[in-house]
Amino acid sequence: MAKVCVITGGGSGMGLEAAKFMPKDKIIVLSGRTEAKLKKAVAELSALGFEAYAKTCDTSKRESVKALVSYAVSLGEVKTVINSAGLSPAMADPETIVRVNALGTVYMNEEFSKVMKKGSVIVDVASNSAYVLPKFLINKKVYALADQDEEKFVAKIVKKAKLAKGDYQRSGFAYALSKNFVVWYAKKCAFDYGPKGIRVVSLSPGLIATDMGNLEAKDGGMLIGFSTEERMGKPEELGYALATVADERNGYLAGVDVLCDGGSTNGMQEFKKKK
C-alpha cells in the first residue's frame, strides 16, 4: 500500500519546504485554506518528481479535518502528518487564533490518530513564543479542557489574552498561549498514542522569513536580536528540520519539543540577557 504524508499549511512557507525534503516514495497531500495556493504548490512538487495532491481544509473545524483524513486514507496508508497550519498575531483576533492553532491541533491529532498505525508520526508545529510566557500564566488545568469542553477552553484562553492592552498585544498573548498549549498537547498525545506505535513530537520555530513571519517582523521580531546570528530563519531550514523530525529513522524522538529558533530563546533567557 502507498505511504501518505499529509502537511497542513502546505501551500507555502515551511510546510511546502518540508514536503520537498520528503522521500519521493510517499504521496504528498498538501492542505490549507486557499485552493489556488495549494494547486501552485502541488505543481511545484510535481515538477520536482513528487506525487502530490491538494485538499483544502480549515483545521479549526473538525468536520473539515475529518474530510481531509478520508481523502488521505483514500490514497494509501497515512504514515506522516505535519501540522504546520496556524495563524500569527497580525493575522487574526484572539479567538480565531486559539481555534486554529490550539483546537486545530486537537482535531488533527485526534482524527488522524484514529487511522494511523504503528511506525507513523505526527509532528505539531508550535513556536518559540511558547517559551516567553511567565509560568504563573500557564494553567494546564485549562489546557486539559481542550478535548473535554472546547468552548470553555476557548473562553478561558481568550479571557486571559484580553488582559493585554492593545489589539496586537491581545492577539500576541493568545498566540503565545495557543503555542504553549501545542507544546503541552503534543507531549500528552505522545503518551496517549505511544502504545499504538504512533510517535508524536512538536517543533517550535523562531521567526521565519515567510509571508507570515514577515508580517510579524516589525512588532513581533524582538527575539531576532537574541539569536546566535541575529537573523530570521529561512523556510528551507525549517522545512528540513521538520522533515528530519518526521523521518522514520528518528523513532525514539517522541514526547518532546524541538526548539529550532536560532538560539533566541536561550539568548533571551541567559546568554544575551539584558542586565
Side-chain angles (χ1 to χ4, degrees), residues 1-10 14-32 41-42 45-46 48-55 57 59 62 64-86 104-126 146-147 182-205 237-260:
M1 181 179 287
K3 298 178 181 179
V4 178
C5 169
V6 178
I7 303 177
T8 67
M14 69 181 82
L16 176 55
E17 293 301 321
K20 295 176 183 178
F21 289 108
M22 285 291 140
K24 289 187 178 178
D25 65 345
K26 286 187 178 178
I27 296 172
I28 308 295
V29 177
L30 297 181
S31 177
V42 164
L45 290 180
S46 297
L48 293 172
F50 289 92
E51 182 179 353
Y53 301 92
K55 175 64 176 175
C57 178
T59 58
R62 189 183 288 273
S64 187
V65 172
K66 286 182 176 180
L68 176 60
V69 174
S70 296
Y71 180 76
V73 169
S74 73
L75 298 172
E77 180 184 348
V78 179
K79 295 289 289 185
T80 309
V81 172
I82 298 176
N83 182 30
S84 67
T105 301
V106 173
Y107 300 155
M108 286 292 297
N109 288 17
E110 285 188 344
E111 297 304 326
F112 272 98
S113 67
K114 293 175 183 177
V115 302
M116 297 174 82
K117 299 177 181 178
K118 185 176 181 179
S120 56
V121 59
I122 297 173
V123 182
D124 292 316
V125 176
D147 52 12
V182 171
V183 170
W184 175 84
Y185 189 72
K187 292 175 183 177
K188 176 182 181 294
C189 289
F191 288 92
D192 288 344
Y193 308 157
K196 292 174 59 178
I198 301 172
R199 181 168 65 91
V200 185
V201 64
S202 63
L203 185 143
S204 287
E237 291 174 325
L238 269 294
Y240 182 74
L242 286 168
T244 302
V245 167
D247 193 298
E248 294 168 11
R249 292 169 291 184
N250 246 330
Y252 208 50
L253 184 64
V256 297
D257 182 62
V258 178
L259 186 57
C260 187

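Below, each value reflects all heavy atoms present in this structure, side chains not excepted, and no hydrogens, waters or symmetry copies.
For the residue pair K26 and T80, a side-chain donor N or O sits within less than 3.5 Å of a side-chain acceptor on the partner.
Residue D124 holds its CG atom at 12.5 Å from NZ of K187, rounded to the nearest 0.5 Å. In this structure, CG on L68 lies 10.5 Å from CD on E111, to the nearest 0.5 angstrom. The CD atom of E77 sits 11.5 Å away from the CD1 atom of I27 when rounded to the nearest 0.5 Å. The distance from the CG atom of D247 to the CG atom of L242 is 12.5 Å, given to the nearest 0.5 Å. In this structure, OH on Y193 lies 7.0 Å from NZ on K188, to the nearest 0.5 angstrom. Remark: Y53 OH to S46 OG distance equals 8.5 Å, nearest 0.5 Å.
For the pair S204 and V183, the minimum side-chain heavy-atom distance is below 4.5 Å. L75 has its side chain out of reach of E51: every pair of non-hydrogen atoms, C-beta onward, lies at least 4.5 Å apart. At least one side-chain heavy atom of D147 sits less than 4.5 Å from a side-chain heavy atom of Y185. The side-chain heavy atoms of S64 and C57, taken from C-beta on, include a pair separated by under 4.5 Å. Annotation: side chain of V256 is in contact with side chain of V201 (closest heavy-atom distance under 4.5 Å). The shortest side-chain heavy-atom distance between V125 and M14 falls under the 4.5 Å cut-off. Side-chain contact check for N109 versus V81: every heavy-atom pair is 4.5 Å or farther apart. A heavy-atom distance below 4.5 Å is not found between the side chains of I122 and N83.
Shown here for K20 and F50, the closest heavy-atom pair between the two residues is O-CZ, 3.5 Å. Nearest heavy-atom pair, A41 versus G10, reported as atom, atom and distance to 0.1 Å: CB-O, 3.9 Å. Closest approach of A72 to V78, counting heavy atoms only: CB-CG2, 3.8 Å. Contact detail for K55 and Y71: the closest heavy-atom pair is CB-CD2, 3.9 Å. Between V245 and V123, the shortest heavy-atom distance links the atoms CG1-CG2, 4.0 Å. Nearest heavy-atom pair, C5 versus M22, reported as atom, atom and distance to 0.1 Å: SG-SD, 3.8 Å.
Between the side chain of T8 and the backbone N or O of S84, at least one donor-acceptor pair lies under 3.5 Å. Judged by distance alone, the side chain of R199 and the main-chain N or O of N250 form a donor-acceptor pair under 3.5 Å.
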Given the rule in the side chain to side chain contact (heavy atoms under 4.5 Å, CB included) test, do I198 and D192 qualify, once you have shown the distances and angles that lead to the verdict? CA-CA 9 Å; I198 301 172; D192 288 344; over 6 Å; no
Mind running side chain to side chain contact (heavy atoms under 4.5 Å, CB included) on V65 and E110 for me, showing each step along the way? CA-CA 10 Å; V65 172; E110 285 188 344; over 6 Å; no
Evaluation steps, side chain to side chain contact (heavy atoms under 4.5 Å, CB included), between M116 and K196: CA-CA 9 Å; M116 297 174 82; K196 292 174 59 178; over 6 Å; no
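Shown here is Y240, whose OH atom has no more than 12 heavy atoms of other residues, nucleotides or ligands within 6.0 Å. Counting heavy atoms of neighbouring residues, nucleotides and ligands inside a 6.0 Å radius, atom NZ of K117 does not exceed 12 of them.
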